[in-house]
*Asks:* 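Input: one structure, supplied below.
Naming: A, B, ... by sequence-line order, numbering from 1 per chain. What you see is a predicted model; the values in this text were computed from it and never measured.
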There are 2 protein chains.
Amino acid sequence: MEWLKIDDVAKRSGLTKRTIRYYEQIGLIPPPERSDGGYRLYTEEHVTLLLKITNAKDVLGFSLQELQEFIALSDALELQKMDYRQVKGTSLQREKLEKILETTLEQLRLIELKKQNILKVEEDIVSLKNRAEAALKRWAEEDAK
Amino acid sequence: MEWLKIDDVAKRSGLTKRTIRYYEQIGLIPPPERSDGGYRLYTEEHVTLLLKITNAKDVLGFSLQELQEFIALSDALELQKMDYRQVKGTSLQREKLEKILETTLEQLRLIELKKQNILKVEEDIVSLKNRAEAALKRWAEEDAK
DNA sequence: ATTAACGTTTACGTCAACGTTAATGTTTAC
DNA sequence: GTAAACATTAACGTTGACGTAAACGTTAAT
């Protein structure tokens, strides 16, 4: 297994070392393995997770706490899968699943909203662009005389 | 002219009074008129601007400082328009216009990126949703026996 | 003309999300 | 085996974006 040291992860993810440790501290990423001397040893999966996190953070404007809830959701679903054969669904398990489903639906609605709004902003900027272009064109014509 | 007081603006924009004053303080919105006693007197346009600002902030995840630059851009373009007849385009004016155009193009590229990323996140969530649905379905089938 | 409701400025408080520094231990390269 | 480079924890600092409270002035309604 090829381990990554924290600075490697930092470079690959575009985050700082401090930020990576901070994310671990608040439980946003799982604690990595450690070397005998106590160095953190990461895998590629950590990098992938960090990239997803930053992406979701940027895109959805989520706070880290909100992201935690989202991550917890995915984890819960993984756990659910594993439990599945052993603990055949008690109603408690089912409620959990339904809660997960509900939350994802809410997230999707939120994303639709974001999409709508991004279009509005885009329109504003395009109109700005057009006006700038028009002004430049007038300028050029004026100049040609 | 119908003036709006700060609380009216707060209600219409969904912001707090503090936030509105803060936005004025950092130059994000133009200082409104004042009554003889010093009360702030707003117009509908202030409301519109504030809505645009919050929208852009939410959607693009811009900091207030980045938004300032964006606002400054629009303002510069308005000014450009007014200057147009008086100061026939010196090359300095043209450079300004070109800079504005360039910035809008950059903003549009940034928005494209956001769109791409939002799709990625959406996919992740959809896959989460599907897994939750599948699990629930298995549960229901199991239950039917 | 008073009073309740609303506004003003000033200033200190807060919270998230890190940055930075210090004191110390670990790996790696030569 | 000894630097140089890199890591660790702990703790304090910083910045943006407001919240909140105090002391006080203004408007609106009765």
*Asks:* From C-beta outward on B:Tyr39, which listed nucleotide comes closest to its side chain: D:dT8, D:dC18, D:dG25?
*Replies:*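 Of the candidates, D:dG25 comes closest.
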*Asks:* Contact class for A:Arg21 vs. all strands (heavy atom < 4.0 Å): base, sugar-phosphate, or nothing?
*Replies:*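 Touches a base.
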*Asks:* What integer distance in Å separates A:Glu33:CD from D:dT8:P?
*Replies:*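 Computing the A:Glu33:CD to D:dT8:P distance gives 14 Å.
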*Asks:* What is the distance, rounded to the nearest whole Å, between atom CD1 of B:Ile20 and atom C1' of C:dG7?
*Replies:*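 Rounding to the nearest Å, CD1 of B:Ile20 and C1' of C:dG7 are 13 Å apart.
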*Asks:* Please compare A:Lys5 and B:Thr19 by the position of their nearest nucleotide in DNA chain D and report the one closer to 5'.
*Replies:*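 This one resolves to A:Lys5.
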*Asks:* What is the distance, to the nearest angstrom, from the CD atom on A:Gln25 to the C1' atom on D:dT8?
*Replies:*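 Computing the A:Gln25:CD to D:dT8:C1' distance gives 13 Å.
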*Asks:* Between OG1 of A:Thr48 and CZ of A:Arg12, what distance do you get to the nearest 0.5 Å?
*Replies:*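 One gets 9.5 Å once the value is rounded to the nearest 0.5 Å.
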*Asks:* Quickly work out the A:Lys11 NZ to D:dC6 P distance and round it to whole Å.
*Replies:*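 Nearest whole value for this atom pair: 7 Å.
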*Asks:* Looking at A:Lys17, I'd like to know whether one of its side-chain N or O atoms comes within less than 4.0 Å of OP1 or OP2 on D:dA7.
*Replies:*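 Yes, such a contact exists.
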*Asks:* So does A:Lys115 pair up with A:Glu112, basic N to acidic O under 4.0 Å?
*Replies:*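 Answer for the salt bridge query: yes.
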*Asks:* Under 4.0 Å between a side-chain N or O of A:Arg40 and OP1 or OP2 of D:dA7?
*Replies:*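 Looking at the OP1 and OP2 atoms of D:dA7, neither is under 4.0 Å from any side-chain N or O of A:Arg40.
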*Asks:* Kindly point out which of D:dA17, C:dT8, D:dT8 is positioned nearest to the side chain of B:Arg34?
*Replies:*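 Minimum distance to the B:Arg34 side chain belongs to C:dT8.
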*Asks:* Tell whether B:Tyr22 reaches the base of D:dG16 with its side chain through a donor-acceptor pair below 3.5 angstrom.
*Replies:*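 Counting by modelled atom types and ignoring angles, no donor-acceptor contact under 3.5 Å is found here.
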*Asks:* Whole angstrom is fine here: how far is it from CD in A:Glu24 over to C1' in D:dT9?
*Replies:*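 Taking atom C1' of D:dT9 as the reference, CD of A:Glu24 is at 12 Å.
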*Asks:* Could you pick out which residue, B:Leu64 or B:Gly37, lies toward the 5' side of DNA chain D when each is mapped onto its nearest nucleotide?
*Replies:*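 The 5'-side residue here is B:Leu64.
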*Asks:* Are OP1 or OP2 of C:dT26 and a side-chain N or O of A:Ser35 less than 4.0 angstrom apart?
*Replies:*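 No, no such contact exists.
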*Asks:* Rounded off to whole Å, could you give me the CG-to-P distance for the B:Leu67 and D:dC18 pair?
*Replies:*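 Spelled out: CG on B:Leu67 to P on D:dC18 is 10 Å.
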*Asks:* Please confirm whether any donor atom in the side chain of B:Arg18 sits under 3.5 Å from an acceptor in the base of D:dT20, or the reverse.
*Replies:*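 For B:Arg18, whose side chain was compared with the base of D:dT20, there is a donor-acceptor pair (under 3.5 Å).
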*Asks:* For the hydrophobic clusters of this structure (ILVMFWY residues joined by side-chain heavy atoms under 4.5 Å, transitively), does one cluster hold both B:Tyr22 and B:Tyr39?
*Replies:*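 Unlinked, B:Tyr22 and B:Tyr39 end up in two clusters.
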*Asks:* Paired with D:dG13 by Watson-Crick or G-U wobble geometry, both distances under 3.5 Å: which nucleotide is it?
*Replies:*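 The base-pairing partner of D:dG13, which may sit in any strand shown, is C:dC18.
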*Asks:* If only side-chain N and O atoms of B:Lys57 are considered, is one of them under 4.0 Å from the OP1 or OP2 phosphate oxygen of D:dC18?
*Replies:*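 Checking D:dC18 against B:Lys57, a side-chain N or O does come within under 4.0 Å of OP1 or OP2.
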*Asks:* Are B:Glu133 and B:Lys137 ion-paired here, with the side-chain N under 4.0 Å from a carboxylate O?
*Replies:*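 Not counted as a salt bridge, because no side-chain N and carboxylate O are separated by less than 4.0 Å.
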*Asks:* B:Leu113 and B:Leu60: same hydrophobic cluster, using ILVMFWY side-chain contacts below 4.5 Å?
*Replies:*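 No, B:Leu113 and B:Leu60 fall in different hydrophobic clusters.
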*Asks:* So with a 6.0 Å cut-off around CD of A:Gln65, is the heavy-atom count from everything else above 12?
*Replies:*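 For A:Gln65, atom CD is not crowded (no more than 12 foreign heavy atoms under 6.0 Å).
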*Asks:* Can you tell me the Watson-Crick or wobble partner of D:dA29, both distances under 3.5 angstrom?
*Replies:*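 Across any shown strand, D:dA29 pairs with C:dT2.
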*Asks:* In whole angstroms, how far is the C1' atom of D:dT8 from the CG atom of A:Leu41?
*Replies:*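 Value for this atom pair: 13 Å.
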*Asks:* Quickly work out the A:Ile53 CD1 to C:dA16 C1' distance and round it to whole Å.
*Replies:*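 The distance from CD1 of A:Ile53 to C1' of C:dA16 comes to 16 Å, rounded to the nearest Å.
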